Amino acid sequence: MKRRPDSIVRWAARRLELRSFGLVPEHFDKAEGLRAALAVGAPLALALASDITVLGWAVFAAFWTCLCDAPAPDAVRRRILALFMGVGTVIAFAGSALAALWPMAGMAIGPIAVFAAVLASARIAYGGLLGTLLGVVAVVAVGFPQPVSLAAAQAAAFMGGAAWAYLLITLLWPIDAARPLVRASDAVIVRLLDMAESLVAQGDGPHRDGSWHSEHAEHRRTVRLAIERLRSLLDRYAGQAGMLEAHHATLATAETLFGALIALDQGFIERVGPAHERLAVARACRTALLAWMIDRANAHCPDQPSALPWAVTRLRRLVPTLHEDLCAGCALALAQALAAPLPNPCANPARDALRGPLRLRPLSRSAVQQALRQTAGLVAVYAAALAFDLGYPYWAAMAVVVVLQGGVRITWARCLERILGSVLGGVLAFGLLLAGDATITLAVLATALAGAAIALRAVNYTVFVVFLTMLFVIVTAMLHPGEGIVAARMVDNVIGSLAALLAVLALWPDFGASLQGRIAEGIAANRAYFEAVEAALPFAEIEAVRRAAGLASIEAETALHDLGGLINRTNGAVAHAAGLGTLRTLAGSAAMAWHRRLGQGARG
């Protein structure tokens with residue numbers, strides 16, 4: 001199938017998500033990038049104009065504050081940013097001053113400060129990013145040991161940069177707190193459209209020989225992952241009203257459309273009913289999804305007529321012309337879901353700001369284990385710094401803090417992405433430094449890199465690290481010139497990333513169930529889904545087991561590419577492939593059974 005240029009990135013996203021590497025192009029945020037460029041550019045210009053190198057702390061504080069601005073209601077965002085500014089200032093002062101008390105004091109102070117930051121932030125719901133960035137501030141602070149007076153100057157510069165970014169984010173250039181929800185909803189619809197377009201394009205072509213077409217397995221995974229991202233994001237805004245109703249409606253509609261597309265996909269695989277009926281439903285679904293996207297894009301144009309009612313009418317008129325129950329049921333399900341009122345999240349830009357409390361939670365055992373892993377990783381990095389005489393050991397320490405963000409699966413993926421991004425970013429930064437060393441040129445470039453890094457932070461971690469590495473290298477070269485900055489950045493990130501991986505493998509390693517176990521769990525979950533449909537359970541119960549089956553399927557599929565899966569996948573590879581095939585077929589068969597019931601009811 002020939003792909004349009006605008007679909008190649010989404011095709012790559014499906015492939016990468018299978019391997020736990022997120023690529024979500026819909027999450028690119030130009031406005032956040034421009035705001036971050038202004039946040040970083042102002043203190044950088046002041047530092048270069050005044051030739052006061054300590055203002056470099058203001059530059060990085062502004063960048064970290066922009067990075068700390070995670071999706072949440074406005075009140076929660078303000079409180080978390082204020083916490084970062086206040087606690088970060090204390091850490092910047094105390095870490096630097098205490099590290100200067102005796103030789104190598106930073107090697108003790110750094111791990112202690114990171115342990116405390118990670119543990120304290122674990123009490124705040126969705127406070128992981130806050131803890132990570134406070135840990136970053138801690139390891140950088142102990143990397144610059146200073147007497148009390150200079151440590152106070154560094155802390156003041158940090159506070160100034162963070163306060164400037166805070167004012168910019170919350171007062172001078174506020175961005176709608178619900179925009180991440182809009183992007184996540186759009187991402188779900190786009191992935192459903194990809195799936196429908198692929199069904200139309202493949203038709204009864206060469207891949208429809210009764211065997212599984214891998215690209216359609218990827219569609220099922222990528223849609224389910226997009227739906228779960230939207231669901232988890234909605235949890236962050238729990239307790240909100242009004243605006244969130246639109247996204248809950250989108251979520252419910254997307255689940256229904258997804259189920260219909262899975263049933264239709266399985267119908268194509270098994271060649272159920274006349275081919276022209278399946279293709280007619282697929283085309284009508286594609287048209288309806290396009291109409292839905294057009295309506296969302298035109299939300300700010302009240303005079304623009306809605307495209308969706310026409311598409312729904314087309315689906316409804318299609319139902320009585322279909323002889324196959326499966327096709328009729330899929331068309332009916334699509335029409336009913338899209339005919340329901342779908343409030344548009346973009347239709348009222350003047351709505352009140354979302355408000356919400358800063359939720360606290362009890363300290364868990366896993367949070368303590370995570371803090372201890374971070375501590376152990378930092379100790380290992382500082383030992384490596386002594387052994388190999390690293391020029392910028394705090395860069396390696398930063399890598400430990402940001403890579404070690406969970407269990408083996410997450411750390412393994414982050415480790416590879418961090419290493420790749422650092423090497424690519426380092427090479428590019430070296431070329432830029434060779435091409436031009438004019439201060440103004442480098443300052444403009446650094447400002448642009450800060451904006452690009454923030455705009456792309458939710459798109460892909462590797463791409464983010466590329467721009468982040470270039471930013472840090474260029475700013476360091478301007479404010480703290482030295483030999484071997486680029487090489488040090490690359491080497492330190494490799495060492496820090498590997499130390500994080502070793503820490504998570506050495507302390508409470510959790511590979512989860514074995515690959516075969518995950519496949520067995522997925523088969524059991526999808527069999528439960530099929531049995532729930534066959535037993536004609538209430539719709540709400542079927543929805544619950546369908547979601548559980550979808551999540552179990554994702555776990556089984558991605559386990560093939562985890563560190564543990566890569567180790568053992570060569571053993572019994574044929575059995576693994578057969579098990580996954582059974583799992584996928586069960587999911588499709590259950591979806592077909594449900595939509596056949598709908599089709600029979602439409603005629604009955």
Side-chain angles (χ1 to χ4, degrees), residues 188 191-192 195 199 212 216-217 219-228 230-232 234-235 248-270 272-273 278 281 285 319 324-338 340 513 516-559 578-604:
V188 173
R191 279 159 172 72
L192 286 168
M195 188 173 182
L199 283 173
W212 187 266
H216 290 273
H219 278 304
R220 294 189 187 185
R221 287 188 294 271
T222 197
V223 174
R224 172 53 62 191
L225 287 169
I227 286 174
E228 294 307 318
L230 175 57
R231 194 188 305 275
S232 65
L234 283 167
D235 289 342
H248 283 293
T250 298
L251 183 63
T253 303
E255 285 279 16
T256 301
L257 300 185
F258 186 34
L261 284 174
I262 289 176
L264 193 61
D265 182 33
Q266 194 68 30
F268 271 109
I269 292 169
E270 298 182 12
V272 175
R278 299 194 302 269
V281 176
C285 179
V319 174
E324 170 56 45
D325 289 339
L326 172 63
C327 296
C330 289
L332 181 62
L334 293 166
Q336 289 175 341
L338 291 168
Q516 193 60 41
R518 289 187 188 276
I519 293 175
E521 290 172 1
I523 291 173
N526 280 281
R527 183 172 289 115
Y529 172 28
F530 183 81
E531 291 172 353
V533 172
E534 288 291 297
L537 294 180
F539 179 73
E541 294 184 31
I542 291 177
E543 282 291 294
V545 294
R546 180 170 69 182
R547 182 188 173 216
L551 293 174
S553 298
I554 289 174
E555 286 295 315
E557 301 273 7
T558 55
L580 286 172
T582 301
L583 182 155
R584 297 160 179 163
T585 301
L586 274 171
S589 298
M592 283 201 303
W594 170 254
H595 287 84
R596 277 199 178 103
R597 281 174 50 191
L598 290 178
Q600 291 166 358
R603 291 184 226 286

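All residue numbers refer to positions in the sequence shown, counting from 1. Values in this document were obtained by computation on a predicted structure and should not be read as measured data. All values below were derived from every heavy atom in this structure, side-chain atoms included, with hydrogens, water molecules and symmetry-related copies excluded.
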For the atom pair [atom1] ([X]) and [atom2] ([Y]), what is the distance rounded to the nearest 0.5 Å?
X: Cys327; Y: Asp325; atom1: SG; atom2: CG; result: 9.5 Å
X: Leu251; Y: His248; atom1: CG; atom2: NE2; result: 8.0 Å
X: Glu543; Y: Trp594; atom1: CD; atom2: CH2; result: 8.0 Å
X: Asn526; Y: Thr582; atom1: CG; atom2: OG1; result: 10.5 Å
X: Ile262; Y: Ser589; atom1: CD1; atom2: OG; result: 11.5 Å
X: Ile227; Y: Leu192; atom1: CD1; atom2: CG; result: 6.0 Å

Contact summary for [X] and [Y], nearest pair of heavy atoms:
X: Tyr529; Y: Val545; answer: CA-CG2, 4.0 Å
X: Ala536; Y: Arg597; answer: CA-NH1, 3.2 Å
X: Thr256; Y: Ala333; answer: CG2-O, 3.8 Å
X: Ala548; Y: Ala525; answer: O-CB, 4.2 Å
X: Val319; Y: Leu332; answer: CG2-N, 3.8 Å
X: Val188; Y: Ala254; answer: CG1-CB, 3.5 Å

(message) I'd like to know if the side chain of Arg220 reaches the main chain of Arg584, judged simply by a donor and an acceptor atom lying under 3.5 Å from each other, with no hydrogens or angles considered.
(response) yes

(message) For the backbone of Val272 and the side chain of Arg278, can you confirm whether one donor and one acceptor N or O come within less than 3.5 Å of each other?
(response) yes

(message) Please determine whether a side-chain nitrogen of the Lys or Arg among Glu521 and Arg518 lies less than 4.0 Å from a carboxylate oxygen of the Asp or Glu.
(response) no

(message) Whether Arg224 and Glu255 form a salt bridge (side-chain N of Lys/Arg under 4.0 Å from carboxylate O of Asp/Glu) is what I want to check.
(response)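 Salt bridge flag = yes for Arg224 with Glu255.
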
(message) I want to check something: taking the side chain as every heavy atom from C-beta on, are Leu334 and Val281 in contact at a cut-off of under 4.5 Å?
(response) yes

